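Written below as structure tokens is the structure these notes are about.
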Amino acid sequence: MTTARETPATGTPASGLTRVREEMAAACARAGRRPESVTLVAASKTVAPDVLAQTVEAGHLVYGENRVQEARDKWPGLLERFSGVELHLIGPLQSNKAREAVALFDVIHSVDRPSLCTALAKQCAQQDRWPRLFVQVNTGSEPQKAGVLPEEADAFLEACRGKHRLDVVGLMCIPPVGEPPEPHFTLLAEIAQRNGLKLLSMGMSGDYTSAIEHGATHVRVGSAIFGARAYPPRQDR
Ligand SMILES: *Cc1c(COP(=O)(O)O)cnc(C)c1O
């Protein structure tokens, strides 16, 4: 099994995108999957709007931000300038930011507790906007990490669909740092399968090719495209 390079991108973000796409295609080929079955979510936290304007112009349209506030500062201007951009929230969401999140994002990857479901259901109805939702699963049962525990996932999904009437399309995970991610990818895929969910958001710069071989439909890749950041991915709430 091949793992993606952990080294930051050299050269421009456009060349980083090209290289990541090539590695994604190779991973799809190894796994016998169609390249179109995996969406590259370019994780653009800390990336400046003028850089994003360049990658949008180069044809990449799907971006993930991990903070509502930062996305609100960066994206409205770009969304006015360019059509067809799809924005994903990949970081933790507080219930009191549900209104802004529903207004701005097309996809939310971090649904993980009943109070957030209540807030999202209310905002979706009020705004008549229905972002696609992923439930985040804390596959490593790490105390500091967001996400529902694996053993609580089935009941939580049931509540999302029943009580809250939310249309959950898939699951997301962030494997523990310093552990092989594969058991976490496998666990996420099993939970999705038994709950009839088709989409899996898993895989980052260090492990997206392996995630694809384990069934990822959405990989969230930042530093392999944009270079190293000043701060690491925030995984807590
Ligand atoms: C930043 C971030 C990523 C991308 O991380 P890289 O290691 O830079 O590819 C993926 N998922 C989440 C939730 C993030 O915050």
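What you see is a predicted model; the values in this text were computed from it and never measured. Both counts, for ligands and for their atoms, begin at 1 and track the order of listing. Note that these values count all heavy atoms, side chains included, but never hydrogens, waters or copies made by symmetry.
Note that CD of Glu57 is 4.0 Å distant from CZ of Phe82, once rounded to the nearest 0.5 Å.
Interface of Ser205 with ligand 1, defined as ligand atoms under 4.0 Å from a residue heavy atom, comprises 6 (P), 7 (O), 8 (O), 9 (O). Atoms of ligand 1 found under 4.0 Å from any heavy atom of Ile174 (numbered from 1 in listed order, with element): 13 (C). Taking a cut-off of under 4.0 Å to the non-hydrogen atoms of Val221, the atoms of ligand 1 that pass are 9 (O). For ligand 1, the atoms sitting less than 4.0 Å from at least one non-hydrogen atom of Ser223 are 6 (P), 7 (O), 8 (O), 9 (O), numbered in the order shown with element in parentheses. Proximity to Asn66 (heavy-atom distance under 4.0 Å) selects the following atoms of ligand 1: 15 (O). Each of the following atoms of ligand 1 lies closer than 4.0 Å to a heavy atom of Lys45: 1 (C), 2 (C), 3 (C), 14 (C), 15 (O). Of all atoms in ligand 1, listed by their number and element, those nearer than 4.0 Å to a heavy atom of Gly222 are 4 (C), 6 (P), 8 (O), 9 (O).
In this structure a side-chain-to-backbone donor-acceptor pair under 3.5 Å is missing from Asp112 to Ala146.
When heavy-atom distances to ligand 1 are checked against a 4.0 Å cut-off, Ala43 comes that close only through its side chain, counted from C-beta outward. Under 4.0 Å from ligand 1, not a single heavy atom of His109 appears.
Using a 4.0 Å cut-off between charged side-chain N and carboxylate O, Glu142 and Lys145 make a salt bridge.
The aromatic rings of His218 and Phe134 sit perpendicular to each other, their planes meeting at more than 60°, with 30° as the lower class boundary.
His88 and Glu86 are linked by a side-chain donor-acceptor pair at a separation below 3.5 angstrom, with hydrogens and angles left out of the test. One side chain, Asp128 or Trp130, offers a donor N or O that lies under 3.5 Å from an acceptor on the other.
Annotation for Glu179: atom CD counts as buried by contact number, over 12 foreign heavy atoms lying within 6.0 Å.
Close N/O approach between Met172 and ligand 1 is not found [any backbone or side-chain N/O within under 3.5 Å].
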